[in-house]
**Q** 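Sharing a structure below in structure tokens format, with a few things to ask.
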Amino acid sequence: MAIVPINMQKGTVNDPESEIIVGIDLGTTNSLIAYVKDGKPEVIKTPGTGAALVPSVLYFAPDGRILVGDEAKKYLLEDPKNTIFSVKRLMGKSFGDIRQFKDFFGYQIIDDDTESLVKIRVKDKFYTPVELSALILKALKQHAEQVLNRPVTKAVITVPAYFNDNQRQATRDAGKLAGLDVLRIVNEPTAASLVYGLGDPDAPARKVAVYDLGGGTFDISILEIGGGIYEVLSTHGDTFLGGDDFDRAIIRHWAETGAVDATHLNQDKAYGQAVRLAAETAKKQLSDTQDFSTTLQGKHLSITRDQFEALIRPLIRRTIDLCGLALKDAKLNPEDIEAIVLVGGSTRVPAVKQAVTTFFKKADKSSGNKALKDYIHPDETVALGAAIQADILAGNNKNALLLDITPLSLGIETIGGLMDVIVPRNTKIPIKVGREYTTSVDGQTKLKVAVYQGERQLVKDNRKLGEFILSGIPPMPAGIPKIEIGFIIDADGVLNVRAREKRSGIEQTVRIRSQYGLPPEQIAQMLKESVRHAKEDMAVKALLEARNEAKHVIQSTDKFIAQHRDIIPDEALAEIQRLKENLQDAVRGDDKDLINARLQALNDFAAPFAHLAMDKVVREAMKGKKAK
Ligand code: AMP
């Protein structure tokens with residue numbers, strides 16, 4: 001098995017030598033796109049502005065235009081409802097996952113069924129994080145096409161090492177929706193290590209710490225790199241800790257010392273924004289100088305590096321504590337680490353660098369070489385690494401080791417005929433992965449497992465490899481059985497699929513011989529189709545998901561009414577029935593925004609009664625307790 005390069009425009013299999021595959025760092029705060037030019041990775045600058053970093057921000061303008069990057073960022077304060085930022089935090093997440101951070105986002109995140117994936121409402125349209133990320137990727141793709149003056153259709157995209165299957169799959173989908181064939185999803189710390197040549201297949205295995213402090217997030221990863229293999233031993237981090245907190249510490253300091261007017265700050269958006277900008281400028285300047293001063297609206301603002309360092313000490317301390325936890329998880333000591341890679345704009349702060357070096361002070365075992373890797377723009381490192389990985393995949397870097405991989409995704413059919421990918425394409429083999437499923441009907445004793453190969457969202461468009469039935473599941477209410485579907489691919493490419501109900505232990509296995517290997521031309525054809533149909537596939541998927549969710553909510557509403565009829569006044573019941581029928585009508589049609597809007601209307605109206613019912617249950621439980 002090998003990577004099959006294809007030309008998306010012509011549909012032909014390409015000569016790998018002539019290909020450009022870009023590397024993309026799709027970040028929480030900023031995104032970048034890079035490629036390898038004459039053997040060297042280089043970030044592609046935004047045409048017009050010349051900036052390397054593209055803020056991961058989208059603005060939905062009143063005239064229907066969608067702005068991306070610096071242009072969109074201007075509207076964060078002015079029109080927060082229509083300005084989307086930090087969408088990476090929502091990738092592959094359900095509302096339940098992000099409920100506690102809901103207020104962090106200035107835009108509307110839909111709170112309906114807490115189990116389903118989040119949606120974002122902008123005006124009367126509903127977007128998934130995948131669609132929003134695709135808009136950012138599309139902008140980056142366009143920049144690259146303008147600068148390189150040729151179509152760009154293939155990419156490697158990076159994700160944090162801790163991203164789970166859902167989040168990785170969401171990132172792949174976003175790439176596809178943007179018209180990109182995503183050759184591989186690479187861990188950000190792995191990409192960063194590649195930049196420093198730490199992946200030399202001939203070098204002995206070594207342990208590396210990648211310390212990544214960006215604008216809003218902190219990640220520490222401990223890797224073992226050897227023989228061309230990057231293994232993530234452990235990761236830790238804080239998804240709400242970064243350079244933005246440094247800015248806020250400065251603002252707080254100015255407010256406390258009376259240099260800025262605290263009430264004015266909260267009430268006047270323009271003033272607030274000006275102070276925020278001054279704080280960030282101060283912070284950046286203090287990376288090179290000992291003090292900073294400026295005037296804002298006639299008032300003197302100043303801060304010294306010592307003062308700044310004292311302010312951020314607790315924040316830096318927290319990152320170091322997390323480094324300690326990551327080492328502990330990897331069962332290592334600081335002296336076991338041979339190199340430290342610094343990533344993210346905030347590692348430019350000298351106090352941060354100092355603290356990291358001190359913590360890993362015994363790290364320098366590598367024959368007198370400097371162990372701290374920080375000589376490249378730290379905010380470009382991940383994108384440059386992605387470009388290097390892309391170049392390896394394009395076959396240009398003959399020294400790099402390419403491991404055997406699965407040429408197409410493998411997965412099973414789930415509700416509504418959707419393909420649920422279990423092994424994404426380009427996954428290294430041998431591999432063993434599993435995912436848990438459950439039943440959708442009360443008392444269900446059988447489950448059909450149909451295995452497919454391909455990149456399309458609906459199984460009917462993919463290639464069926466086989467199916468079997470797991471029978472003998474003890475009858476239980478829907479959602480209670482825990483059925484693990486495991487995909488095991490051995491080094492010869494033979495796929496074994498196993499289904500196992502964990503509570504009862506019953507299991508069934510099917511062996512699919514290497515017949516799932518396809519000739520390269522057919523793989524190329526399947527990949528081409530998947531990119532060509534990405535938009536309509538994604539639309540059908542969104543519609544099916546909205547319908548599934550609506551049906552589920554309709555069922556729960558009926559159940560709820562039957563159980564709690566006593567707490568619902570007659571007029572409210574009539575209104576719930578009316579909203580439910582409206583939703584049923586919408587489900588029969590194929591407008592996903594209408595289904596979502598009516599779903600939300602029903603949920604909004606019914607929510608207070610659900611709370612009442614909950615109070616009642618709690619009260620009765622308390623009564624029961626007292627009576628005893
Ligand atoms: P990133 O998410 O990696 O793009 O990092 C962005 C963060 O790095 C923001 O909080 C920036 O304010 C911060 N940053 C960029 N340049 C500097 C600098 N010279 N000194 C300190 N922080 C910086």
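Remember, it's 1-based here, ligands and their atoms both numbered in the order they're listed. By convention here, the first residue in the shown sequence is residue 1. Note that the structure is a prediction, hence the values are computed from the model and not measured.
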**Q** Checking side-chain polar atoms at under 3.5 Å, does Asp79 have a donor or acceptor matched by the opposite partner on Tyr59?
**A**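 Tyr59 and Asp79 do have a side-chain donor-acceptor pair below 3.5 Å.
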**Q** Which option out of Ser287, Ala282, Gly216 puts a heavy atom nearest to atom 20 (N) of ligand 1?
**A**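 Going through Ser287, Ala282, Gly216 one by one, Ser287 has the nearest heavy atom to atom 20 (N) of ligand 1.
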**Q** Polar-atom distance check: Gly345 versus ligand 1, any N or O pair below 3.5 Å?
**A**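 Yes; at least one N/O pair falls below 3.5 Å.
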**Q** Under 4.0 Å from any heavy atom of Glu280, which atoms of ligand 1 are there?
**A**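 Those qualifying, in numeric order: 11 (C), 12 (O).
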**Q** If we count only N and O atoms by modelled type, under 3.5 Å, do the side chains of Asp291 and Thr289 hold a donor and an acceptor together?
**A**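 No donor-acceptor contact under 3.5 Å links the two side chains.
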**Q** Are Lys541 and Asp173 ion-paired here, with the side-chain N under 4.0 Å from a carboxylate O?
**A**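 A salt bridge links Lys541 with Asp173.
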**Q** Quick test: of every protein heavy atom, which one is nearest to atom 17 (C) of ligand 1, and how far off is it to 0.1 Å?
**A**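 Closest protein heavy atom to atom 17 (C) of ligand 1: Lys284 CG, 3.6 Å.
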**Q** At a 4.0 Å threshold, what atoms of ligand 1 neighbour a non-hydrogen atom of Gly344?
**A**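 Counting atoms of ligand 1 from 1, those under 4.0 Å from Gly344 are 3 (O).
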**Q** Could you go through residues 246-253 and list every donor-acceptor pair under 3.5 Å that involves a side-chain atom there, pairing it with any protein atom two or more places apart or in another chain?
**A**
from	atom 1	to	atom 2	distance (Å)
Asp247	OD1	Lys283	NZ	3.0
Arg248	NH2	Asp245	OD1	3.0

**Q** Before we go on, tell me: are the rings of Phe308 and Phe292 under 6.0 Å apart, centre to centre?
**A**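 Phe308 vs Phe292: aromatic centres not under 6.0 Å.
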**Q** Provide the number and element of each atom of ligand 1 under 4.0 Å from a heavy atom of Gly214.
**A**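 Going through ligand 1 atom by atom, the ones under 4.0 Å from Gly214 are 1 (P), 2 (O), 3 (O), 5 (O), 7 (C).
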**Q** Return the option from Lys283, Arg348, His377 holding the heavy atom at the smallest distance from atom 13 (C) of ligand 1.
**A**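 The nearest heavy atom belongs to Lys283.
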**Q** Quick test of your reading of the model: are Asp321 and Arg317 salt-bridged, counting only N-O distances below 4.0 Å?
**A**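 Yes, charged N to carboxylate O under 4.0 Å.
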**Q** Can you sort out which atoms of ligand 1 are near Gly243, meaning under 4.0 Å from one of its heavy atoms?
**A**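 By the 4.0 Å cutoff, the relevant atoms are 10 (O).
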**Q** Does this structure show an ion pair linking Arg313 with Glu309, if we count only N-O contacts that are shorter than 4.0 Å?
**A**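 Here Arg313 does not pair with Glu309 in a salt bridge, since their nearest N and O are not under 4.0 Å apart.
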**Q** For ligand 1, which atoms have a heavy atom of Val349 less than 4.0 angstrom away?
**A**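 Atoms satisfying the 4.0 Å criterion: 21 (C).
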**Q** If the cut-off is 4.0 Å to any non-hydrogen atom of Asp379, which atoms of ligand 1 fall inside it?
**A**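 Here the atoms of ligand 1 in question are 3 (O), 4 (O).
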**Q** At what distance is the nearest protein heavy atom to atom 2 (O) of ligand 1, and which residue and atom is it?
**A**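 Closest protein heavy atom to atom 2 (O) of ligand 1: Gly215 N, 3.1 Å.
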**Q** In the protein, which heavy atom is nearest to atom 4 (O) of ligand 1, and how far is it?
**A**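 Nearest protein contact, heavy atoms only, for atom 4 (O) of ligand 1 is Asn30 ND2, 2.9 Å.
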**Q** Looking only at side chains, do Gln354 and Thr357 share a donor and an acceptor under 3.5 Å apart?
**A**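 Checked: Gln354/Thr357 side chains show no N/O donor-acceptor pair below 3.5 Å.
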**Q** When the ring centroid of Tyr127 is compared with that of Tyr107, is the distance short of 6.0 Å?
**A**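 No; Tyr107 has its ring centre 6.0 Å or more from that of Tyr127.
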**Q** Would you please determine whether Ser346 falls within less than 4.0 Å of ligand 1 on a heavy-atom basis?
**A**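 Ser346 counts as a contact of ligand 1 under the 4.0 Å cut-off.
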